[in-house]
Protein chains: 2
Amino acid sequence: MLYAGFMSATLPPFPKPQEPFEAPQLLEVGSAPEEPCLRADAARNRARLLEAAARLIAEHGVAGVTMEAVATAAGVGKGTVFRRFGDRTGLLMALLDHSTHKLQADFLGGPPPLGPGAPPVDRLRALGVAMLYRSVEQLDLLLAAQTEPTRRFSHPSLRALHTHAAMLLRQILPDADCELLAHTLLAYLDPALVHHLTRQCGVPMERLEAGWVDLVARVTRTEPPR
Amino acid sequence: MLYAGFMSATLPPFPKPQEPFEAPQLLEVGSAPEEPCLRADAARNRARLLEAAARLIAEHGVAGVTMEAVATAAGVGKGTVFRRFGDRTGLLMALLDHSTHKLQADFLGGPPPLGPGAPPVDRLRALGVAMLYRSVEQLDLLLAAQTEPTRRFSHPSLRALHTHAAMLLRQILPDADCELLAHTLLAYLDPALVHHLTRQCGVPMERLEAGWVDLVARVTRTEPPR
DNA sequence: CCCTAACCGGACCGAGGTCCAGTTTTGTTC
DNA sequence: GAACAAAACTGGACCTCGGTCCGGTTAGGG
């Protein structure tokens, strides 16, 4: 039992497991516009569901996004929502997909300093700043999508982020344990922490940003810029 | 609406709000043995509930700790459990109280290097190691008790930890933004991260420990020991 | 046109959390 | 030390919501 068979692996019954979840592309950047193979009606319902969910958020906040409400608003049954997105987290993640892919595209192939071409330290700094701003923009959604501590780090988009950060670190610190350091850096950008600091402690964004720059400098043992 | 009035503040009805939750002592160390003022029967039920919960964990794992199951096992009604502990998280936290207080006592008044008397850097290093080992010991419970991203940092025991870490940092780096740095350091010790690394990625404890020592050295810009 | 895999809907379940009428404890007053 | 009133506690019915299941329906290739 426990977090019962996340990705297939334990789906005995007949309805054909199919690929139950979104299967978001790992490092395969923004290209693939949509699901590879979805029956026409399924794709249509998917779009309706996302639209309905977005509308519900706009109207009642993220707390109003009930699976049943979304299903009703989209004119489909509840089972359909779960079949398409797996669970509530999956639906919320799908709503974040757009900004997620944009960020990935930016740091993988966008213009410097985020994209390739700039020195690794600069790219690291830019990555943090970009993530901070994305966090405050979509804080509610990011927080709501972040349940289940055992899955927090498993999601492909986070893995990609971690891999990227570790790679940048490796270019700066060839001999350090860059995987662990990358985790530390990303933890600073955790939406939950950003929420706590900005909304519960009233820390202004400038201080958060300065904190990031300082942190990068310390972790990489480089001099802070300027 | 939203995270509806956590601590009192919005409790209109008559049953008298009382102090709904545990109100764990902030920095007031291990002293106060129990709740300040609890009616005799209430205290007895509280003990029964905790005992029942512990037994359920031992038997069926933390997933078996259903509020209803605990209530039944303790021979009380479900409402009683909620009145006493607020919610499931509160109950789980209460189960962790013992080890929490022990840790607090250790770093506030125990023997060096954890307690006062050792150089701040050493105390910081010892703190991380102690927390790492406590984490692996009680991982399941810590994970289960950690829901609701908006509350992760609000809990008194975490605040105390953060305050302490920030104080140690301040002694080493008088001019840095020690509050933010403390958050970074503590994030490395997050049970969810420890779980991910040890159980999902197979990272051995030695590496985690070395990572902590290295991290402390980098953040404080000191030389790693030895 | 037909067959099958994929999909759909909504009844159903379990668990967290709320509510309130009734009971017990405690302390006060005589 | 008995009676009493207010405060505190109790239990379990009730609600909501995430998640599962499966009989019926539909899309779309052959």
Side-chain angles (χ1 to χ4, degrees), chain A residues 1-6 10-21 35-46 48-49 53 56 60 62-92 144-145 147-148, chain B residues 1 3-6 10-21 35-49 53 56 60 62-92 144-145 147-148:
Chain A
M1 219 63 6
L2 297 183
Y3 36 96
F6 176 45
T10 52
L11 295 189
F14 344 149
K16 190 62 176 296
Q18 187 217 16
E19 188 167 313
F21 293 7
E35 294 291 295
C37 49
L38 258 196
R39 235 169 67 171
D41 53 345
R44 194 198 37 162
N45 281 340
R46 182 178 191 278
R48 277 191 192 174
L49 284 168
L56 281 179
H60 309 111
V62 80
V65 181
T66 294
M67 295 306 259
E68 197 144 15
V70 174
T72 304
V76 305
K78 194 158 70 150
T80 306
V81 193
F82 282 95
R83 159 171 291 262
R84 193 56 46 212
F85 299 103
D87 57 6
R88 202 179 110 105
T89 299
L91 172 61
L92 265 18
T147 39
E148 186 93 50
Chain B
M1 224 64 0
Y3 35 97
F6 175 47
T10 53
L11 296 189
F14 342 149
K16 189 63 175 298
Q18 189 220 14
E19 189 168 312
F21 293 6
E35 294 291 295
C37 49
L38 257 196
R39 239 169 65 170
D41 53 346
R44 192 198 38 163
N45 280 341
R46 181 177 191 280
R48 278 190 191 175
L49 284 168
L56 281 178
H60 309 109
V62 78
V65 181
T66 293
M67 295 306 260
E68 197 145 15
V70 174
T72 304
V76 305
K78 193 155 74 148
T80 305
V81 193
F82 282 95
R83 158 171 290 263
R84 191 58 45 215
F85 299 103
D87 58 6
R88 203 178 109 104
T89 299
L91 172 61
L92 265 19
T147 40
E148 186 95 49

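The structure presented is a predicted model; accordingly, all values stated were derived computationally and were not measured. Here is how names work: the chains are called A, B, and so on, in the same order as the sequence lines, proteins then strands, and each is numbered from 1.
When rounded to the nearest whole Å, the span between CZ of B:R46 and P of D:dA8 equals 18 Å. In this structure, CE of B:M67 is placed 13 Å from P of C:dA15, rounded to the nearest angstrom. When the C1' atom of C:dG9 is taken as reference, atom CG of A:L49 falls 13 Å away, rounded to whole Å. Across the protein-nucleic acid pair, A:F85 atom CZ and C:dC7 atom P stand 13 Å apart, rounded to whole Å. Remark: P of C:dT18 and CZ of B:R83 are 12 Å apart, rounded to the nearest angstrom. Following rounding to the nearest Å, B:R88 (CZ) and D:dC17 (P) show an atom-to-atom distance of 20 Å. In this entry the distance linking CD of B:E68 with P of C:dT18 reads 15 Å, nearest Å.
With hydrogens and angles ignored, the 3.5 Å screen pairs a side-chain donor or acceptor of B:R88 with a backbone N or O of B:V65.
Note that CG of B:L49 and CZ of B:R84 are 8.5 Å apart. Values are rounded to the nearest 0.5 Å. Taking CG of B:L56 as the reference point, atom OG1 of B:T66 lies at 8.0 Å (rounded to 0.5 Å). How far OG1 of A:T80 is from CZ of A:R46: 14.0 Å, rounded to the nearest 0.5 Å.
The side chain of A:T66 lies closest to D:dC17 when the candidates are D:dC17, D:dG12, C:dG9. With C:dG16, D:dG18, C:dC8 as the choices, the nucleotide that has an atom nearest any side-chain atom of B:K78 turns out to be C:dG16. The listed nucleotides are D:dT20, D:dG11, C:dG17; the one nearest the side chain of B:T80 is D:dG11. For B:V76, the listed nucleotide lying nearest its side chain is D:dG11; candidates were D:dC9, D:dG11, D:dG19.
For the pair B:N45 and D:dC9, the criterion of a side-chain N or O lying under 4.0 Å from OP1 or OP2 is not met. Using a 4.0 Å cut-off, some side-chain N or O of B:R84 falls inside it from OP1 or OP2 of D:dT10.
Looking at which nucleotide of DNA chain C each of B:D41 and B:T89 is closest to, the 5′-most match is held by B:T89.
Nucleic acid contact class of B:G64 (heavy atoms, under 4.0 Å, all strands): none.
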